[in-house]
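Okay, structure first, notes after.
All ligand and atom numbering here is 1-based and tracks the order in the structure. We're numbering straight along the sequence, starting at 1. Just so it is clear, the values below take in all heavy atoms, side chains as well, and ignore hydrogens, waters and symmetry mates.
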Amino acid sequence: MSSANEDPDTTPSRSDSAEGADPARVLRAGVVGLGFAGTTHLDAYTALPGVEVVALAGQESERLAMLGETRGVPDLYADWEDLVARDDLDIVSIGTPNFLHHPIALAALESGKHVFCEKPLAPTGALAAEMVDAARAANRVLEIAYNHRRRADVQYLARYLESGPLGSVYHARASWTRRRGIPGLGSWFTSKALAGGGPLVDLGSHVLDIALYLLGEPRVTSVSAVAYSELGKHGRGGREGTKTTGTGHLFEVEDFASALLRLDSGGSLQLEASWAGYTKDDDDIAIELLGSTGGARLFVENYATDDTLRLYADLEGEPVTITPTVHVPAGHHQTVIEEFLATIRSGEWSTSFGDYALHRSRVLDAVYESAREGREVSVA
Ligand SMILES: NC(=O)c1ccc[n+]([C@@H]2O[C@H](COP(=O)([O-])OP(=O)(O)OC[C@H]3O[C@@H](n4cnc5c(N)ncnc54)[C@H](O)[C@@H]3O)[C@@H](O)[C@H]2O)c1
């Protein structure tokens with residue numbers, strides 16, 4: 001692996017990137033991870049103006065060399081520690097297994113870098129809280145890759161809801177369910193210690209994020225949940241063709257979870273996440289909002305990009321169903337990274353320390369606790 005070899009006369013110091021700095025200066029990013037997430041981050045930065053990826057880290061040496069070569073990244077590292085130790089980075093972008101989000105983020109934030117982190121923020125709410133505290137203490141942005149919220153159909157729904165056509169939204173459903181979609185049976189994904197959980201943290205975190213966002217960020221006050229592990233532990237339900245790092249871990253997580261969440265708005269949200277199950281759903285996201293004067297449904301079958309929305313209302317006393325024509329282009333990761341970069345350039349990030357993601361992590365903690373103990377639990 002080559003390491004950084006910088007000319008102090010031409011390499012901008014990290015302090016240039018602090019608040020009050022020239023917003024036109026090109027930001028310097030380091031990306032950790034070479035899997036789907038890390039590569040997507042890398043490609044998003046590469047496609048965006050005003051930022052360059054100067055360092056990349058990951059443990060698959062051939063892939064590291066290939067990505068360095070094809071994306072023009074000069075400095076390549078096997079271990080994240082060597083990348084984060086550089087003092088010329090504005091940004092560290094984390095696309096590693098979940099258990100590494102916390103140590104990488106803390107090291108990066110404490111050395112003054114802004115952090116873009118994959119979801120879930122951390123395997124537990126306690127670790128996530130330390131990350132948010134570190135961002136606030138360092139006064140650096142901590143943004144999370146809730147990319148699906150940036151889908152054009154979700155954004156359309158958010159705009160539609162603004163004028164209040166649904167009246168009082170009293171209940172919502174949010175689910176991401178798969179027929180056969182355990183990512184990497186036996187990899188870090190199915191290790192409780194390395195991932196924090198199964199489909200609930202992997203897929204459920206995305207649909208929880210979308211639902212809370214569309215509902216206007218109510219706080220979840222309590223949770224009553226169930227979780228099952230019926231397929232993965234018998235080696236069933238694995239997604240064909242998934243390639244993830246690390247092997248040898250047992251299936252220690254749930255493959256199905258369902259939870260009723262009570263909201264401080266007075267309403268409720270049914271959250272369901274499943275990597276595998278004997279159902280028609282292949283790989284389906286659904287968000288439904290039930291209001292006193294209308295309803296809305298987002299249904300994304302197998303990452304569909306068209307015909308994903310239905311709006312329900314009454315017209316002249318009769319029920320009508322509206323089908324908005326919204327095409328969903330690819331590139332939601334790029335959108336959230338673009339927003340992250342804009343926040344850094346704005347110099348205004350006092351509300352960008354990841355608190356909203358911490359709440360989501362605490363909700364997921366409560367779901368597991370409720371399922372384990374068989375009772376309703378309060379959200380911290
Ligand atoms: N937002 C999304 O849509 C989305 C999609 C997929 C995955 N993810 C998230 O992204 C993260 C990674 O998932 P993935 O599917 O890319 O995983 P992966 O296993 O394919 O890749 C993980 C990468 O981390 C690297 N890594 C591990 N230990 C390292 C170390 N010590 N130093 C440097 N690099 C190290 C590995 O070498 C590998 O390149 C997870 O948190 C996952 O939840 C998010």
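- Not a single donor-acceptor pair under 3.5 Å links the side chain of Arg178 to the backbone N or O of Pro199.
- If you look at Thr39 next to ligand 1, there are no close heavy atoms at all, none under 4.0 Å.
- Counting only distance, with no hydrogens or angles, the side chain of His102 and the backbone of Ala122 share no donor-acceptor pair below 3.5 Å.
- No donor-acceptor distance shorter than 3.5 angstrom exists from the side chain of Glu288 to the backbone of Arg173, with no hydrogens or angles considered.
- Between the side chain of Ser111 and the backbone N or O of Ala108, at least one donor-acceptor pair lies under 3.5 Å.
- At a 3.5 angstrom cut-off on N or O pairs, Gly33 does not count as close to ligand 1.
- Between the side chains of Trp349 and Asn139, at least one donor N or O sits under 3.5 Å from an acceptor N or O.
- For the pair Tyr77 and ligand 1, no heavy-atom separation below 4.0 Å is found.
- Residue contacts with ligand 1 for Glu118 involve side-chain atoms from C-beta outward but no N, CA, C or O (heavy atoms, distance under 4.0 Å).
- For ligand 1, one of its N or O atoms has an N or O atom of Leu34 under 3.5 Å away.
- For ligand 1, the polar-atom distance check against Ala37 finds a nitrogen or oxygen pair separated by under 3.5 Å.
- Between the OG atom of Ser378 and the CD atom of Glu369 there is a distance of 9.0 Å, given to the nearest 0.5 Å.
- Under a 3.5 Å cut-off, the side chain of Ser168 and the backbone N or O of Tyr170 do not form any donor-acceptor pair.
- The main-chain N or O of Ala29 is never found under 3.5 Å from a side-chain atom of Asp90 such that the two would form a donor-acceptor pair.
- Residue contact check for ligand 1: Trp188 places a non-hydrogen atom closer than 4.0 Å to it.
- Annotation for ligand 1: atoms under 4.0 Å from non-hydrogen atoms of His333 are 1 (N), 2 (C), 3 (O).
- Interface atoms of ligand 1 facing Gly35, defined by a heavy-atom separation under 4.0 Å, are 16 (O), 20 (O), 21 (O), 39 (O).
- Although no hydrogens or angles enter the test, the distance criterion places no donor-acceptor pair under 3.5 Å between the side chain of Arg362 and the main chain of Gly125.
- Using a distance-only test at 3.5 Å, with no hydrogens or angles considered, a donor-acceptor pair links the side chain of Arg28 to the main chain of Asp88.
- Less than 4.0 angstrom separates some heavy atom of His206 from each of these atoms of ligand 1: 1 (N), 2 (C), 3 (O).
- Close contacts between ligand 1 and Pro97 involve ligand atoms 22 (C), 24 (O), 27 (C) [criterion: under 4.0 Å to a heavy atom].
- When non-hydrogen atoms are compared, ligand 1 lies under 4.0 Å from the side chain of Val32 (C-beta onward) but not from its backbone.
- At least one heavy atom of His101 sits closer than 4.0 Å to an atom of ligand 1.
- Taking only nitrogen or oxygen atoms, main chain and side chain alike, Glu81 does not reach within less than 3.5 Å of ligand 1.
- Within the set Gln59, Lys119, Glu60, Arg63, the minimum heavy-atom distance to atom 38 (C) of ligand 1 is found for Glu60.
- When the heavy atoms of Leu67, Val84, Thr96 are ranked by distance to atom 12 (C) of ligand 1, first place goes to Thr96.
- Numbered from 1 in the order shown, with element, the atoms of ligand 1 that lie under 4.0 Å from a heavy atom of Ala78 read 32 (N), 33 (C).
- With hydrogens and angles left out, the side-chain atoms of Arg151 and Thr308 include no donor and acceptor closer than 3.5 Å.
- Atoms of ligand 1 lying under 4.0 Å from any heavy atom of Gly95, numbered from 1 in the order shown and given with element: 12 (C), 22 (C), 23 (C), 24 (O).
- Using a 4.0 Å cut-off between charged side-chain N and carboxylate O, Asp255 and Arg236 make no salt bridge.
- Looking at Phe99 against ligand 1, nothing comes within 4.0 Å, counting heavy atoms.
- For ligand 1, the atoms sitting less than 4.0 Å from at least one non-hydrogen atom of Asn98 are 40 (C), 41 (O), 42 (C), 43 (O), numbered in the order shown with element in parentheses.
- Remark: distances from the non-hydrogen atoms of Pro183 to ligand 1 are all 4.0 Å or more.
- With hydrogens and angles disregarded, a donor-acceptor distance shorter than 3.5 Å links the side chain of Thr190 to the backbone of Gly186.
- Close approach of ligand 1 to Ala145 is summarised as follows: ligand atoms under 4.0 Å from at least one heavy atom of the residue are 1 (N).
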